[in-house]
Amino acid sequence: MADKTQEDGGVSFPFPFPPYSIQKDFMAELYQVLEAGKIGIFESPTGTGKSLSLICGALTWLRDFEQRKQQEEARCLLEPGAGPVPEGQDPRPAAPSTSSPGGEPDWVTQFVQRKEERDLAERVREEQLRRRKREERLQQTRHSAQLKHTARRRRQEEEETEALLRLSREVLSEGPGTEQLEQLEPGEEELVLAEYASDEERRAASRVDEEEDLEEEHVMKIYYCSRTHSQLAQFVQEVRKSPFSKETRLVTLASRQTLCVNEEVRSLGSVQLINDRCVEMQRHQYESKHRAEADMPKRRRQESLAACPFYNLEQTQLLRDEILVEVKDMEQLVALGREARGCPYYGSRLAIPAAQLVVLPYPMLLHTATRQAAGIRLQGQVVIIDEAHNLIDAITGIHSTEVSGSQLCQAHSQLLQYMERYRKRLKAKNLMYIKQILYLLEKFVAVLGGNIKQNPNTQSLSQTGTELKTINDFLFQSQVDNINLFKIQRYFEKSKVSRKLCGFTERYGAVLPPPREQSRLSGLQHFLQSLQPGVTEAPAAPLEEAEVGAVRAASPLMHIEGFLAALTTASQDGRVILSRQGSLSQSSLKFLLLNPAVHFAQVVKECRAVVIAGGTMQPVSAFREQLLAHAGAEVERVVEFSCGHVIPPENILPLVLCSGPTSQRLEFTYERRELSAMVDETGRILCNLCNVVPGGLVCFFPSYEYQRQVLAHWDKSGLLARLAVRKKIFQEPKKASQVEQVLAAYSRCIKSCIQVGGPVTGALLLSVVGGKMSEGINFSDDLGRCVVMVGMPYPNIRSPELQEQMAYLDQRLPRSPGQVPPGKALVENLCMRAVNQSIGEQGLSRPSAGWQGGRDTEGDLSCWLSHLMAGGGGQGTQAVCHGELKAGFTRSPASVPPGRAIRHQRDFASIVLLDQRYTRPSVLAKLPAWIRDRVEVKATFGAAFAALRKFHREKVGSS
């Protein structure tokens, strides 16, 4: 039974168990942020039940909002002159409007007011009617399974009828009187570009994707987004455990690649190919539906482009209602789509307007075009961005793109051959735009120092290095400043030339077979073959004869299209990096976004409230200055909230160590860190720590190269062997696929050492900040008793990209007297963000089962590791984690102290920061508050060692 916790202001927060005081404070502050329409930066350490606090706090506010809105609607109908209550806006009474300045007669003013009141009452009645119909429809869906079976049976009948009609059309199309312009193979007609109308000529045209105008009005909703699908799935599970699970209309959004249930389309593999095939099948369905029976097709259509059996309005609407009646995760959504013969991708999109909680990944919210395509409307809504510590990097990454010299040459070759193949069928405008694209590709290769007519793999560049240009300078240097890139980009979007070219290369592989009539293409064909390693001179087989199940890569022209889109969306806020690396194929053009706030401004402007949450949000100044201020957020609108941890202060010991056992000053600057004395001192410190720290110890190095140098030196000096006497040594693997194996062996070793005893007391895991093990892996109890951070992981200050970002911030951000330059602050922020992710986001984690009914299920790998420690096989969780690691969502022990290392009140851990620069006030201020408040600075190693020995002896004895 849910407990009711009464908070300040009379707000009652339903919760599945008695919440911590920090959870009460979190929910109360969140409620006030949503109520006042502010932007909140919330920091809640991992393990403090952040997800459940977000759910209960936000949904409590939404419940109260909807109740107030319905009360205002009722008052509006009973009392003339009540204030307007449009859907998605605050129902609280607005300030009374002033009289008209025009000085009209009273009867005119009264007439206008009465008319406005009548219109308002009518809108309220319509809204209530829509709400009532929606509730009746969902209630009917909830209690009746007959609709599902009836709709499925009707759909099967329609499919049988459509199959018969298609068969009759094909028979008629093979009859006399059909004449072809050229000898094209069956289905090849789909590859030819349709006649293109320019901007002005195309305004009147209507498209398939715009046919759904049946959309209902958007209700007030909360958009919750996180980085990975696994994090979203965990959040949905938390909603299902919350007191709001039965009354919340929730929909989970994902890509076609994730939600598609058409196995033929799913087998394409590539996201872009799946998207394009889906749209093409819709278009074919639309055209076949509206084509008169007398207008039979002149040529047989490609069989694979038949209408999708899952794309049916009636079935999709039924699926939409099924989604809304009960909270479902993505796996359940896909299973339901297969059962109901409806499309989960479009069913979830149809459910957005009526949903109260929309769960979606970062790109769907942060990328404007993707957001619009999904039907997401932010006006007056609430957005919660979780796991937002890397939000700035995520926005930058989504809107940055890179193309290699090899892709430029390949795109040019494919497009040139496509034009030659279909030259007689292409209209003049298509030919004109294709020639302009070919010209752009040629000039882009030339600006890198290459020749479009030669093999990029064998072209050596006379000039190497990295060059950074503004967009205008790049276009001028490339000699393409006279071409309207906006029209080229629009041509890409409307003509779908990238998709056509992709289908062209799908059909013929990498090389087009020589036409019977055009021997002049043979030279080009040899060149195309030379671009493909291992391709013989025999004609490539069509796609149907290729290997089954191979994942098909997207056309290189799609990458070029993304690069051009980036060039046309940012002028002053973007740079182009020309990277010349020996050969043309290894060289590249990269678009770098310097101001991510440009793409976040619309979210800030349109949303009622925005919440940016994470386990470690420090340094908060980066969000305030680089993101929110540039996005147009007023200073008074931004609110910060940081809560402590559930553990008592005595269960965590963060230390800053200024010197080693031989009194060597610890300052791992680039000039000093490779000195033999510094490397030896680091080894002696670890040897001493291994003698007093039980279980697992994780040590972070600032880079892979430095870790390699240190280990090589320790191996020669014998320090590595001394370390192995007390701890078995594990090292971060070079391949992401090996991470799981290393973690499993690390866990087994610690478990065995604890059970058996002996001189070896656990394991030492050597990792790299920002590497495969530096974020996301949770450690419970003995898996992570101490984390050591060697030095400060500052980024490469000589990087042209970083130097340009620093110069950009120095130019754009105001600098107050006494403050460090914004560019220098950026470097320190990047360093401390990496440190916090290692020591503050991982830390001690809880046991995997039976802890307070599952207060926080963000455990991922930690749950699996904990299960291994308890003697379980870990098979179920292991399979999930293995899938996530293969998908690129790496977890990591790099952060073992308080965050994910400390998950319950009896857990404990120590943190050791090896560098005296951590004592600087500006650095300490950027640690998480619950770590910063407990940091102890030790000038000598003896004092630090004594504190660590006492801490771990007391904790082991009490446990």
Please determine whether side chain to side chain contact (heavy atoms under 4.5 Å, CB included) holds for the pair Leu584 and Asn451, giving the CA-CA distance in whole Å, both sets of side-chain angles, and the decisive distance to 0.1 Å.
CA-CA 9 Å; Leu584 178 60; Asn451 189 328; over 6 Å; no
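- Contact annotation: the side chain of Ile395 approaches that of His399 to within less than 4.5 Å [non-hydrogen atoms, C-beta and beyond].
- With a 4.5 Å cut-off on side-chain heavy atoms, Thr466 and Leu578 do not count as touching.
- In this structure the side chain of Leu564 reaches within 4.5 angstrom of the side chain of Phe444, judged on heavy atoms.
- For the side chain to side chain contact (heavy atoms under 4.5 Å, CB included) test, residues two or more places apart in sequence or in another chain that qualify with Pro702 are Arg673, Tyr706, Pro793.
- With a 4.5 Å cut-off on side-chain heavy atoms, Leu461 and Ser587 count as touching.
- Under 3.5 Å, the side chains of Gln436 and Tyr491 contain no donor-acceptor pair of N or O atoms.
- A donor-acceptor pair is defined here as one N or O able to donate and one able to accept, closer than 3.5 Å; no such pair exists between the side chain of Asn430 and the backbone of Leu426.
- Within the model, atoms CD of Gln407 and OG of Ser404 stand 3.5 Å from one another, a figure rounded to the nearest 0.5 Å.
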Give the intermediate values and the outcome of side chain to side chain contact (heavy atoms under 4.5 Å, CB included) for residues Cys225 and Met364.
CA-CA 9 Å; Cys225 71; Met364 276 196 171; over 6 Å; no
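- Within the structure, salt bridge (Lys or Arg N to Asp or Glu O under 4.0 Å) pairs that include any residue of residues 389-414 comprise Asp393-Arg833 (at least two apart or interchain).
- A heavy-atom distance below 4.5 Å is found between the side chains of Leu826 and Gln805.
- One side chain, Ser583 or Ser585, offers a donor N or O that lies under 3.5 Å from an acceptor on the other.
- Taken from CG in Leu415 to CG in Leu501, the straight-line distance is 6.0 Å, to the nearest 0.5 Å.
- Glu493 and Arg490 are not joined by a salt bridge, as no carboxylate oxygen comes within less than 4.0 angstrom of a charged side-chain nitrogen.
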Run the side chain to side chain donor-acceptor pair (under 3.5 Å) check on Ser498 and Glu561 step by step: do they pass?
CA-CA 8 Å; Ser498 297; Glu561 181 179 352; 2.8 Å; yes
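- For the pair His559 and Thr401, the minimum side-chain heavy-atom distance is 4.5 Å or more.
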For residues 621-631, dump all side-chain donor-acceptor pairs below 3.5 Å to protein atoms at least two apart in sequence or in another chain.
{"from": "Arg624", "atom 1": "NE", "to": "Glu640", "atom 2": "OE2", "distance (Å)": "2.5"}
{"from": "Arg624", "atom 1": "NH2", "to": "Glu640", "atom 2": "OE2", "distance (Å)": "3.3"}
{"from": "His630", "atom 1": "ND1", "to": "Asn595", "atom 2": "OD1", "distance (Å)": "3.4"}

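- Evaluation of the salt bridge (Lys or Arg N to Asp or Glu O under 4.0 Å) rule for Asp473 yields no partner, not counting sequence neighbours.
- Taken to the nearest 0.5 Å, the CE atom of Met806 stands 9.0 Å off from the NZ atom of Lys824.
- In terms of modelled atom types and a separation under 3.5 Å, the side chain of Arg499 and the main chain of Met558 share no donor-acceptor contact.
- Looking at Thr682 and Val790, their side chains come closer than 4.5 Å, going by heavy atoms from C-beta outward.
- Listed by chain and residue number, nothing satisfies the salt bridge (Lys or Arg N to Asp or Glu O under 4.0 Å) test with Glu442 (two or more places apart in sequence, or in another chain).
- Rounding to the nearest 0.5 angstrom, the gap separating the OH atom in Tyr918 from the CE atom in Met789 is 5.0 Å.
- The closest side-chain heavy-atom distance from Tyr670 to Ile797 is not below 4.5 Å.
- Using modelled atom types, one finds no donor on one side chain facing an acceptor on the other under 3.5 Å when comparing Lys926 with Gln618.
- Side-chain contact of Gln489 with Thr568: a donor-acceptor pair under 3.5 Å is absent, judged by distance alone.
- Distance check: Leu567 CG to Ile471 CD1 gives 5.5 Å after rounding to the nearest 0.5 Å.
- Taking the six-membered ring for Trp and thresholds of 30 and 60 degrees, Phe563 and Phe474 have ring planes more than 60 degrees apart, a perpendicular arrangement.
- Checked against side chain to side chain contact (heavy atoms under 4.5 Å, CB included), Glu801 has the following partners two or more places apart in sequence or in another chain: Ile577, Lys590, Leu592, Ser799.
- Going from atom CG of Leu408 over to atom CG of Leu589 covers 6.0 Å, rounded to the nearest 0.5 Å.
- Between Asp573 and Arg812 there is a salt bridge, with a side-chain nitrogen of the basic residue lying less than 4.0 Å from a carboxylate oxygen of the acidic one.
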